[in-house]
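All remarks here apply to the structure that follows.
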Amino acid sequence: MTSLTYNHFFILSLVVFMIGCFGLFLNRRNMILILMCIEIILLAANINFVSASVFLNDINGQVFSIFILTIAAAEAAIGLAILVIYFRNKGEIDVTKINQLKD
Amino acid sequence: MVNFYLYLPEIFILVLILSTLTLGLLNRDSSITLNTIGFTLLSIFLMTNGYGIYLFSGFTESTINLVVLSKIILSLGSIIFILLLKRPLKNENLYRYEYILFVLFATLGSFVLISSNNFLTAFIGLELQSLSLYLMAAFNTKDLNSNEAGIKYFSLGALSSGFLLFGISMVYFDTGNFLFQNLNNFTYISEIGLSLILISLFFKVSAAPFHIWTPDVYEGSPTISTLFFATLPKFASLIFLFRVYHELNITDIESLNYIFQIVCAISLLVGAYGAITQKIIKRLLAFSSINHIGFILLGMMSYKLMSEGTLFFYLIVYLITTFGIFAVILNLRTVEGEVIKISDLNGLRFTSRPKAIALLVFLFSLAGIPPFAGFFAKFFILSASVNEGLYLLSIIAVISSVIAAFYYLSVIKNMFFNESKTELLLDNNKISSVVFIISALFVTLFFFYPDPLIDLVDTLFS
């Protein structure tokens, strides 16, 4: 029986990071999904920090992950606020229609 | 024990923010006065006592000089910006006291970012800065363009901070440390991590393959916010990028050095070619700033022989010229509102000769035409990079600045030789007039009287 090593967690976080990135680029419709994908990317970094901190026996990584959680919350709040004012003017949040500014 | 003396400038700004929060509710104008006085005191304190603050910080001497000088420049820039912001916001019916708060938070973030000694504080500073910038981009809540700029800036900016975090976590796994001075002996894992960190920083300074947001955000946001994006936060991110490059010895890591060179070359070319077809002033300035970022990256790569002074000189000239250009643009209005298209500037010579001449001086300086300060900035960087042996990049830089001269000159042609179709109104704003006159004088007189700035840069970095 093999035990869990750091590499397993690293691959997990890499997979979660990839899911977030691909979700961001492949999603052609909804702005809310973009916000969710950004959160997923931040959480992938969190997984990496916490597992590295456990395996290195160093508390700093966990401190960092708590900071990330608070900042991610602030970021989501600001993103939603901007989205709400956009919706108020435009009436929809379709990503493909956000194209007023271009050459 | 925590040494609070080290955080004195940041604590001071925090006190300013809290007092603005309470005072601003009663009287918006008084918060402008308060912050002007506050930042004046802060810059005087940093000028007289700045070196002493960081004596026991563990920084090397050149880093202390860099940090103190960039903090002085940031606080002086904030004074000018806070004085400038009232009239343009009033014209757009946006004069609310939250705007000053966002400026203050972004400045606080820049201060934290510049003097950060590990990736945790750097991340927090960068986020504090960019969260305020997203809000400043979307500040005109009634205008769809401004909202769209906010959404674009937010979604791409948040993606880039995700990259930054993942990069930091990989470096942390590899070395078990965030502190810059303890980061060495990199394996391939932290090289990947560092390249992610660099990508995110390139995004923040809008270097070329990561510049997609820049023209849209510059165009959509209120002009006064665009001025802010183009100057102070970008300056802070560049200083931090320089510190990362310098203190983590990225020159020794071959793969990262390649990334740096490629990004520099692409920035120079994209900045030159992208602007040719633009018809909107702010988009043109966005591409011009991408081109200048290319020059600055070239200066970063060749700092060894010429010391940081070269780079710093370029940054100062770029900041002053950008402030001047935007001060002129903020001083003009058409019948419909802000000056947007380049063709709106037609016949500026007949409407207001001083403004036309000032804009001419700034554009010549950005293009690098000899008697103006911009020429010397480009000249120093190019001679440093040739000495360093970066021949290909220097050739690309020269070619790109020749192409860039074309579109700067076409704006000048519009101002001086075209008849105006729409009527230009003058928004006689005393403060922005003073700002552009002083900047134009600086850019012109540097040729005749270069000693003060050269001496300043020399004594600080020798």
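Note on naming: letters A, B, ... go to the chains in the order of the sequence lines (proteins, then strands), and numbering restarts at 1 for each one.
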Exceeds 12 heavy-atom contacts within 6.0 angstrom, atom [atom1] of [X]:
X	atom1	result
A/F9	CZ	no
A/R88	CZ	no
A/F55	CZ	yes

Taking every non-hydrogen pair under 4.5 Å, which of A/C37, A/S53, A/A81, A/S51 racks up the most with chain B? A/S53

Minimum heavy-atom distance between [X] and [Y], given as atom pair plus value:
X	Y	answer
B/S169	A/A45	CB-O, 4.0 Å
B/G150	A/I82	C-CG2, 3.9 Å
A/Y86	B/E148	CD1-N, 4.3 Å
A/C21	B/F163	SG-CE1, 4.1 Å

Measure distances from [X] to the heavy atoms of chain A and classify the residue's part below 4.5 Å as side chain, backbone, both or neither.
X	answer
B/K152	side chain
B/A137	neither
B/I280	neither

[X] [atom1] to [Y] [atom2] distance, which is reported to the nearest 0.5 Å:
X	Y	atom1	atom2	result
A/F67	B/T121	CZ	OG1	9.5 Å
A/I98	B/D216	CD1	CG	11.0 Å
B/I168	A/F64	CD1	CZ	4.0 Å
B/N147	A/F87	CG	CZ	13.0 Å
A/I41	B/S161	CD1	OG	9.0 Å

Chain B contact via [X] - which portion, at a heavy-atom distance below 4.5 Å:
X	answer
A/F17	side chain
A/L35	side chain
A/T70	neither
A/I85	both
A/F25	side chain

Compare all side-chain heavy atoms of A/L83 with those of B/F154 and state whether any distance is below 4.5 angstrom.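 Sidechains of B/F154 and A/L83: no contact.
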
Contacts with chain A made by residues 174-181 of chain B (heavy-atom distance under 4.5 Å), listed by residue number: B/G176, B/F178

Can you name the residues of residues 123-133 of chain B that have some heavy atom under 4.5 Å away from a heavy atom in chain A?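 Counting heavy atoms that sit under 4.5 Å from chain A, the residues of residues 123-133 of chain B involved are B/F123, B/I124, B/E127, B/L131.
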
Look at B/L135, B/T141, B/L144 and state which one has the largest set of heavy-atom pairs under 4.5 Å with chain A. B/L144

Compute the centroid of each ring, for B/F173 and then for A/Y6, and state whether the two points are separated by less than 6.0 Å. yes

Under the side chain to side chain donor-acceptor pair (under 3.5 Å) rule, what do A/N48 and B/Y172 come out as? Steps first, then yes or no, please. CA-CA 9 Å; A/N48 209 356; B/Y172 175 64; over 6 Å; no

